[in-house]
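For reference, the structure is listed below as structure tokens.
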Amino acid sequence: MLLLLSVLLGIFILILLLLLAHLRITLLYKDGIPSLYIQVGPIRYAFPLDKKPRYRSLAKRLRKKKLADMQKKQKPMKKKTPGVLDELRGNLSVPEFLGKIRDILHHLAGRYAKKLRVTAAQLHITVGTGDPASTGIAYGITAQSVAYLLEFLDNTVTLTPIKKDAVQVQADFAGSWKADIEVTAGIRTLHLLQAILSAFFLLKDTPQANARS
């Protein structure tokens with residue numbers, strides 16, 4: 001009995017720690033190579049964003065073979081069973097359903113956006129097109145876009161204070177485009193779970209869907 005209580009207590013503490021932990025998504029871009037990392041507490045997983053060239057031809061052949069096999073074994077089409085989105089949509093038309101989703105996203109953004117913490121650890125962009133005139137125009141557009149983006153994030157989410165020299169946009173009139181980026185977005189898993197459940201119940205609680213049921 002004591003062993004069972006210890007196991008249940010351990011599971012409860014683990015779930016509590018996971019709910020209180022932060023979910024962090026980090027985007028890295030350096031030397032033309034993008035990387036994406038997802039971290040929950042001490043657990044970190046790297047998502048490979050670049051496909052290995054040696055596997056591309058093999059994947060293409062397998063896709064062609066699978067398509068040929070599917071065409072050979074093609075069977076009469078069965079009646080499509082309603083999916084989760086169809087159940088949530090109920091009797092709403094597609095434009096009405098999209099409008100409902102827009103309203104829900106706006107509601108969730110107003111409630112949870114400030115709980116999302118964004119850190120721009122490094123945002124170094126070198127603008128270069130090989131042509132001085134085009135480089136000057138591209139530099140102005142890029143610098144203004146970065147400023148607008150940071151202002152939007154500061155007004156929408158919780159943007160952590162940017163360290164000195166963390167954001168740099170410069171022009172290279174003789175070189176090419178370069179970027180060195182490290183941006184992290186984090187939110188507590190508890191708040192993320194609340195937002196997901198709120199979105200689900202708000203979608204489910206539509207007069208048209210209830211009328212059909």
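In this chain, numbering begins with 1 at the start of the sequence shown.
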Any side-chain heavy atom of L197 sitting closer than 4.5 Å to one from L193? yes

Any heavy-atom pair between the side chains of S198 and H107 that's under 4.5 Å? no

By side-chain hydrogen bond (donor to acceptor under 3.5 Å, both in side chains) - contacts of [X] (at least two apart):
| X | answer |
| --- | --- |
| T158 | none |
| Q122 | H124 |
| D103 | none |

Heavy-atom closest contact ([X] atom, [Y] atom, distance):
| X | Y | value |
| --- | --- | --- |
| T26 | T184 | OG1-OG1, 3.0 Å |
| I162 | A120 | CG2-O, 4.4 Å |
| A195 | L108 | O-CD1, 3.8 Å |
| W177 | A138 | CZ2-CB, 3.9 Å |
| T189 | L20 | OG1-N, 4.1 Å |
| L192 | L23 | CD2-CD2, 3.4 Å |

Going only through I, L, V, M, F, W and Y residues with side-chain contacts under 4.5 Å, is there a path from [X] to [Y]?
| X | Y | value |
| --- | --- | --- |
| V169 | I137 | no |
| Y45 | V40 | yes |
| F201 | L190 | yes |
| I141 | I181 | no |

What's the spacing between [X] [atom1] and [Y] [atom2] if we round to 0.5 Å?
| X | Y | atom1 | atom2 | result |
| --- | --- | --- | --- | --- |
| Y112 | L105 | OH | CG | 13.0 Å |
| Q170 | I125 | CD | CD1 | 10.5 Å |
| I187 | R117 | CD1 | CZ | 11.0 Å |
| L159 | L116 | CG | CG | 10.5 Å |
| I104 | H106 | CD1 | NE2 | 13.0 Å |
| I11 | S6 | CD1 | OG | 11.0 Å |

Do you know which of T135, T129, V127, T126 makes side-chain contact (heavy atoms from CB on, under 4.5 Å) with D172? T126

Taking the side chain from N155 and the backbone from E151, do they hold a donor-acceptor pair closer than 3.5 Å? yes

Does K114, at its NZ atom, have more than 12 non-hydrogen atoms belonging to other residues, nucleotides or ligands within less than 6.0 Å? yes

